[in-house]
Novice: 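Dumping the structure here so I can ask a few things about it.
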Amino acid sequence: MTSNLLDKGYDPTGVEQRWYDFWEREKLFAAPDDPGDSRCYAIVIPPPNVTGMLHMGHALNITLQDILCRYRRLFGDNVLWMPGTDHAGIATQNVVERQLREEKKSRHDLGREKFIDRVWEWRRDYGGRIIRQLKRLGASCDWDRERFTMDEGLSRAVRTVFVRLYQEGLIYRGEYLINWCPRCHTALADIEVEHEEQNGALYHIRYPAHDGGKGFVVATTRPETMLGDTAVAVHPEDKRYAGSAGRKVRLPLTDRIIPVIEDSYVDISFGTGALKVTPAHDPNDFELGRKHDLDMVKVIDETGKMTPEAGDRFAGLDRFACRKAVVAALQEEGLLEKVEDLTHSVGTCYRCHTVVEPNLSKQWFVNVKPLAEVATRAVKNGKTMIVPEHWEKTYYEWMDNIRDWCVSRQIWWGHRIPAWYCDQCGQEIVAEEAPETCTACGNNALRQDEDVLDTWFSSALWPFSTLGWPDTTPLLKTYFPTSVLVTGFDILFFWVARMMMMGLHFMEDVPFRDVYIHALVRDKDGKKMSKSTGNVIDPITVIDVHGADALRFTLAAFAAQGRDIKLSENRIEGYRHFINKLWNAARFSMMHIDDACADGELDNLSLADRWILSRLATVREEVTDALDHYRFNEGAGALYRFSWHEFCDWYLEAVKPDLYGNKSEIRMAASKRVLWRVLRDMLIMLHPFIPFVTEEIWQILPGTEGSIMKAEFPPSPESANGLQKDPDAESEMALVMDVITGIRNVRGEMNISPGKSLDVLVHVDSDTIRDQIHANRDMIMNLARLGSFDVLPSAEKPKFAATSVVKDATVYVLLEGVIDVDKEKARIEKEMTKISRDIEATFKKLNNSDFLKKAPENVIEKARENNQALLDRKDKLQATLDKLMGIAP
RNA sequence: GGGCGGGUAGCUCAGUUGGGAGAGCAUCGGCCUUACAAGCCGAGGGUCACAGGUUCAAGCCCUGUUCCGCCCACCA
């Protein structure tokens with residue numbers, strides 16, 4: 001079903017799909033390769049995961065980018081919005097492995113090559129899903145240029161970058177203690193580890209001296225790691241342990257003797273002041289181990305099970321089962337001194353939330369420090385602006401404390417590391433293409449590194465790899481640096497910071513002029529929406545029910561800077577009403593507009609005409625100012641208020657007599673031209689926010705051609721055809737509106753039906769004000785529904801009239817014969833009697849000590865509230881009654 | 001432990017050169033006024049977390065307190 005002029009309500013179903021197809025067919029999203037001298041605007045999309053389903057975070061992100069792109073197109077810019085998806089290494093591999101598990105297979109059953117084929121197959125079948133969902137939102141990306149982080153070109157960019165960084169000495173391979181996820185079987189970078197508060201215990205364990213002395217009591221939250229201890233450390237200035245250095249203790253449950261060392265790293269005040277050192281399973285202990293040249297005993301393997309090194313009793317046990325076993329064994333031997341409850345933070349995998357196990361292994365690292373310094377400077381110099389500004393501080397903070405980036409991952413799906421090892425001589429060869437023979441010994445027994453690169457490695461190149469780098473393409477020359485990056489702060493470090501580093505290093509320029517950081521869409525408890533938590537609101541469902549325009553406008557109206565978004569269904573419904581209101585305003589206008597309205601000067605204007613044109617000029621200024629500074633909510637708000645409360649509520653009502661031909665032909669023609677102009681400009685300005693309904697109206701609006709996407713944004717006041725503000729019209733109209741509202745108030749208070757015609761008298765001293773009111777007599781009579789309206793210099797207050805004061809004017813609404821004072825008084829008095837009875841009852845209740853003592857708190861509270869409401873209502877009725885007495889003859 | 005954001009109407013939230021306290025929804029009253037009942041015309045509702053300070057003037061600036069949320073961090 002599609003909407004047409006006869007439909008009273010706007011139904012987005014079908015309309016949205018129809019116009020989206022039209023835009024694509026007409027190539028309206030396409031950006032030229034080489035547009036010459038005209039102005040360019042470019043955005044690269046934050047590539048969603050191929051595994052992804054559209055969530056509210058995407059919806060917000062995409063909506064904001066689409067608003068910017070459509071907005072810039074209306075100014076005639078060449079806009080490139082570069083789309084694509086991310087291969088999302090671990091996430092995608094997980095999805096396919098899960099699928100295999102249902103077939104009772106593992107990736108190892110298939111082998112690497114077959115498994116990767118299988119992932120590509122998955123990508124072919126499901127990878128387009130997220131793109132189709134973006135289209136439902138109205139995303140105006142240049143889809144013909146769609147890229148994928150693992151496509152041929154981008155893979156080449158990845159290899160080029162890896163090799164160059166290697167040659168520059170910024171990539172190296174080394175053995176370190178890394179964060180290991182025993183479930184995903186891969187290394188994780190530091191920022192891929194999430195810390196969660198967990199309830200645990202602090203175990204105090206006695207390590208007896210090897211000569212039979214009492215030894216030391218150490219405290220640990222992870223007793224199972226003691227099997228890998230290779231020292232006990234104390235602080236050199238700890239008097240309790242003076243002279244301990246060099247002594248030896250017996251490691252319980254094993255037959256090992258380990259030394260006592262001194263290091264100022266130890267915190268004297270924590271626990272017993274003695275620290276067990278497990279270099280192979282704790283990052284700090286690892287540092288201590290290197291410093292003091294301790295053995296590194298690996299007792300937990302890659303699957304989270306204990307190794308043979310842990311001893312026969314424990315080998316093969318899961319690490320958590322082992323914890324229990326160790327505690328039990330210690331208890332048996334009487335070496336467990338005490339156990340305290342302790343909440344502490346535990347590192348977990350950001351993908352699967354398995355507790356991370358620090359593990360010793362050989363990995364590839366990027367030395368990012370030199371890159372980070374350049375990237376920091378670029379922001380400090382203002383080459384890239386971060387909006388809102390306060391995120392700059394977070395950015396600097398991270399850049400300053402940055403550590404080497406572990407980029408190798410032990411999974412199969414991703415860019416395989418372009419490094420080969422010679423079986424013969426052990427030579428390490430890093431090259432873009434597979435070498436035939438060893439560069440050192442000439443042997444051809446070469447093995448490629450098994451690992452793949454961190455997903456973020458390829459994402460870091462996105463702003464230039466998608467434009468054709470490492471080739472110097474026209475596209476790259478035209479659109480790099482891009483104009484703005486729009487993204488959430490959750491990937492400021494993962495992605496934005498790394499794009500800055502890579503962009504500056506390889507393109508020698510910032511990848512984007514601005515970075516706009518938008519809010520995160522959270523659930524009502526302030527938690528991130530995530531699939532695993534199950535607190536996701538599906539945007540597609542919302543679009544099905546309310547339409548994409550309603551969702552987009554809601555998100556834009558919510559997108560205030562520096563605050564998270566908590567989405568409410570009510571709010572979306574409210575803005576859906578706005579879309580409908582717009583539709584109906586257009587329907588009404590269309591009844592009066594024809595092609596001729598598009599021609600001719602705007603002259604012979606009425607006050608309402610001048611006023612609405614002035615307001616249009618104002619809203620034009622507000623919208624451009626807002627969008628130029630990424631204040632989406634202000635732009636949406638300004639357009640909302642203008643469209644509904646100025647254009648619909650006042651202008652359309654005011655202009656009806658003109659349109660119906662109650663005045664002159666000239667007036668009618670003039671107002672039609674104004675109506676056409678305002679409606680047209682309003683639609684154009686609304687289009688970036690709500691593209692579908694504005695296109696739908698545009699197509700049936702006389703005097704327009706082609707798509708609204710190709711329309712011209714209303715020109716600024718400085719340019720030739722620019723709309724001008726008209727302060728005189730605004731103040732005069734404000735006066736008229738005040739008079740009308742004053743009369744309407746009286747109607748409400750006195751309970752006079754809107755249909756009832758009233759007689760009104762205005763007394764005003766000032767000649768100019770009097771003239772202004774008099775000049776707009778018709779409008780006032782029409783909108784306030786008056787039978788007669790007289791404007792006079794000050795005089796005596798008429799008898800039997802209600803008063804409303806407006807600035808220098810006093811408005812008298814004559815009530816003779818309009819209301820039956822006695823009847824009205826009787827009505828009010830009757831209501832007051834009833835209320836008085838109710839008040840008496842509640843007072844009685846509230847004064848009853850038994851009630852106060854025995855009734856539940858909430859019942860008493862409710863009674864009090866009820867009582868107060870009744871009192872308030874009574875006061876109000878009394879006031880009206882007083883007024884009635886005052887105006888009665 | 002460090003950093004950041006927030007506390008405004010019953011609910012969800014706007015509110016930047018410091019001067020009017022606002023929107024949507026909800027509530028109450030009146031309207032089928034020929035674009036729109038997904039609507040129209042009105043009304044009620046707030047010591048802008050608390051306490052000080054600067055100022056002619058503070059929701060907005062400064063200081064302190066308190067509550068909530070987020071990020072970062074190697075305290076076993």
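Everything numeric here is computed off the predicted structure, so don't read it as measured data. Worth knowing before you read on, the calculation uses all heavy atoms, side chains too, and leaves out hydrogens, waters and symmetry mates.
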Novice: Could you check which of rC75(B), rA38(B), rC40(B) has an atom nearest any side-chain atom of Asn580(A)?
Specialist: rA38(B)

Novice: If only atom types and distance count, is the side chain of Arg747(A) paired as donor or acceptor with the main-chain N or O of Ser753(A) below 3.5 Å?
Specialist: yes

Novice: CZ of Arg403(A) versus P of rA73(B): gap in Å, rounded?
Specialist: 8 Å

Novice: Once you apply the 3.5 Å cut-off to both distances, tell me the Watson-Crick or G-U wobble partner of rC13(B), or none.
Specialist: rG22(B)

Novice: In whole Å, I'd like the distance from the CE atom of Met750(A) to the P atom of rG29(B).
Specialist: 19 Å

Novice: Could you give the distance separating rU33(B) and rC60(B) at their P atoms, to the nearest angstrom?
Specialist: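 Rounded to whole Å, the distance is 47 Å.
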
Novice: For the pair made of CD1 in Ile579(A) and C1' in rC36(B), what is the distance, rounded to whole Å?
Specialist: 14 Å

Novice: Have Asp263(A) and His235(A) got a donor and an acceptor in their side chains that come within less than 3.5 Å?
Specialist: no

Novice: What's the gap between rG5(B) and rG10(B) when it is taken at their C1' atoms, as a whole Å value?
Specialist: 25 Å

Novice: Tell me whether the side-chain N/O atoms of His645(A) come closer than 4.0 Å to OP1 or OP2 in rG24(B).
Specialist: yes

Novice: Test salt bridge (charged side-chain N to carboxylate O under 4.0 Å, His left out) on Arg641(A) and Glu646(A); report intermediate values, then the result.
Specialist: CA-CA 7 Å; Arg641(A) 283 189 297 275; Glu646(A) 294 184 324; over 6 Å; no

Novice: Under 4.0 Å: is that the gap between some side-chain N or O of Trp644(A) and OP1 or OP2 of rC40(B)?
Specialist: yes

Novice: Watson-Crick or G-U wobble partner for rG39(B), using a 3.5 Å limit on both distances?
Specialist: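 When the pairing criteria are applied, rC31(B) turns out to be the nucleotide that pairs with rG39(B).
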
Novice: Write down the distance separating the C1' atoms in rA26(B) and rC13(B), rounded off to the nearest Å.
Specialist: 14 Å

Novice: Please classify the nucleic acid contact of Glu653(A) as base, sugar-phosphate, or nothing, using heavy-atom distances under 4.0 Å.
Specialist: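 The residue Glu653(A) makes base contact.
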
Novice: Determine the interatomic distance between P on rC62(B) and the same-named atom on rU27(B); round to the nearest Å.
Specialist: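 Approximately 40 Å lies between the P atom of rC62(B) and that of rU27(B).
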
Novice: Has Arg747(A) got a side-chain N or O lying under 4.0 Å from the OP1 or OP2 atom of rG42(B)?
Specialist: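 For Arg747(A), the contact criterion (side-chain N or O under 4.0 Å from OP1 or OP2 of rG42(B)) is not met.
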
Novice: Expressed in whole Å, how much space separates the C1' atoms belonging to rA9(B) and rC72(B)?
Specialist: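 Roughly 37 Å separates the two C1' atoms.
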
Novice: CD1 of Ile517(A) versus P of rG5(B): gap in Å, rounded?
Specialist: 14 Å

Novice: Among the candidates rA38(B), rA35(B), rA14(B), find the nucleotide nearest to the side-chain atoms of Asn584(A).
Specialist: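 Comparing rA38(B), rA35(B), rA14(B) against the side chain of Asn584(A), the answer is rA35(B).
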
Novice: So, does Asn401(A) get its side chain near the phosphate of rA73(B), meaning an N or O under 4.0 Å from OP1 or OP2?
Specialist: no

Novice: Donor-acceptor pair, Thr278(A) side chain versus Met226(A) backbone, under 3.5 Å?
Specialist: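 It does not hold such a pair.
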
Novice: Taking the P atom in each of rU8(B) and rG3(B), what is the distance between them to the nearest angstrom?
Specialist: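 Comparing P positions in rU8(B) and rG3(B) gives a spacing of 25 Å.
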
Novice: Counting only side-chain heavy atoms from C-beta out, which of rG42(B), rG39(B), rC72(B) sits nearest to Thr741(A)?
Specialist: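 Closest nucleotide among those given: rG42(B).
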
Novice: Any idea which of rA14(B), rG24(B), rA35(B) is nearest the Tyr640(A) side chain?
Specialist: rG24(B)

Novice: Expressed in angstrom and rounded to an integer, what is the separation of Tyr10(A) atom OH from rA37(B) atom C1'?
Specialist: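 Spelled out: OH on Tyr10(A) to C1' on rA37(B) is 21 Å.
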
Novice: Would you please test Asp549(A) and Tyr575(A) for side chain to side chain donor-acceptor pair (under 3.5 Å) and show each step?
Specialist: CA-CA 9 Å; Asp549(A) 285 332; Tyr575(A) 285 116; over 6 Å; no

Novice: Is the phosphate of rG39(B) approached by His577(A) (side-chain N or O, under 4.0 Å from OP1 or OP2)?
Specialist: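 The answer is yes; a side-chain N or O of His577(A) sits under 4.0 Å from OP1 or OP2.
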
Novice: Would you say Glu389(A) has more than 12 foreign heavy atoms packed within less than 6.0 Å of its CD?
Specialist: no

Novice: Is a donor-acceptor contact shorter than 3.5 angstrom present between the side chain of Glu397(A) and the base of rA73(B)?
Specialist: no

Novice: Give the rounded distance in Å between these two atoms: CD of Glu340(A) and C1' of rA76(B).
Specialist: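 Rounded to whole Å, this separation is 12 Å.
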
Novice: Does rU33(B) have OP1 or OP2 sitting under 4.0 Å from an N or O in the side chain of Tyr660(A)?
Specialist: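 For Tyr660(A), the contact criterion (side-chain N or O under 4.0 Å from OP1 or OP2 of rU33(B)) is not met.
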
Novice: Between rC4(B), rC40(B), rC75(B), which one does the side chain of His390(A) approach most closely?
Specialist: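 Nearest listed nucleotide: rC4(B).
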
Novice: Starting the side chain at C-beta, find the nucleotide from rG24(B), rA38(B), rA76(B) nearest to Arg571(A).
Specialist: rG24(B)

Novice: Among rC40(B), rU33(B), rG42(B), which nucleotide has an atom closest to any side-chain atom of Arg785(A)?
Specialist: rU33(B)

Novice: In the strands shown, is rU54(B) matched to any nucleotide by a Watson-Crick or G-U wobble pair with both distances under 3.5 Å, and which?
Specialist: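 Partner of rU54(B): none found under 3.5 Å.
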
Novice: Applying a 4.0 Å non-hydrogen cut-off, can you work out what Asn745(A) is touching in the nucleic acid: base, sugar-phosphate, or nothing?
Specialist: sugar-phosphate

Novice: Go nucleotide by nucleotide along RNA chain B from the 5' end; which of Gly574(A) and Gly748(A) gets its closest nucleotide reached first?
Specialist: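 The residue whose closest nucleotide sits nearer the 5' end is Gly574(A).
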
Novice: Determine the interatomic distance between C1' on rC41(B) and the same-named atom on rC32(B); round to the nearest Å.
Specialist: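 Roughly 14 Å separates the two C1' atoms.
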
Novice: Can any side-chain N or O of Asn580(A) pair as donor or acceptor with the backbone N or O of Arg576(A) at less than 3.5 Å?
Specialist: no

Novice: Of Trp398(A) and Ala557(A), whose closest RNA chain B nucleotide lies nearer the 5' terminus?
Specialist: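 Between the two, 5'-proximity favours Ala557(A).
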
Novice: Have a look at Asp649(A) and say if it touches a base, only the backbone sugar-phosphate, or nothing, with a 4.0 Å heavy-atom cut-off.
Specialist: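 It contacts sugar-phosphate atoms only.
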
Novice: How close or far is atom P of rC36(B) from atom CH2 of Trp583(A), stated in whole angstroms?
Specialist: 13 Å

Novice: Find the distance Arg744(A):CZ to rG29(B):P and express it as a whole number of Å.
Specialist: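 It works out to 21 Å between those atoms.
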
Novice: If you compare every side-chain N and O of Lys656(A) against the phosphate oxygens of rU33(B) (OP1, OP2), does one of them come in below 4.0 Å?
Specialist: no

Novice: Think Lys393(A) has a side-chain N or O under 4.0 angstrom from the OP1 or OP2 of rC4(B)?
Specialist: yes

Novice: Applying a 3.5 Å limit to both distances, which nucleotide forms a Watson-Crick or G-U wobble pair with rC70(B)?
Specialist: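 Here rC70(B) is engaged in a pair, and the nucleotide opposite it is rG3(B).
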
Novice: Do you see a donor-acceptor pair shorter than 3.5 Å between the side chains of Tyr10(A) and Asn584(A)?
Specialist: no

Novice: Please measure how far the P atom in rU63(B) lies from the corresponding atom in rA76(B), and state the result in whole Å.
Specialist: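 Those two atoms are separated by 33 Å.
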
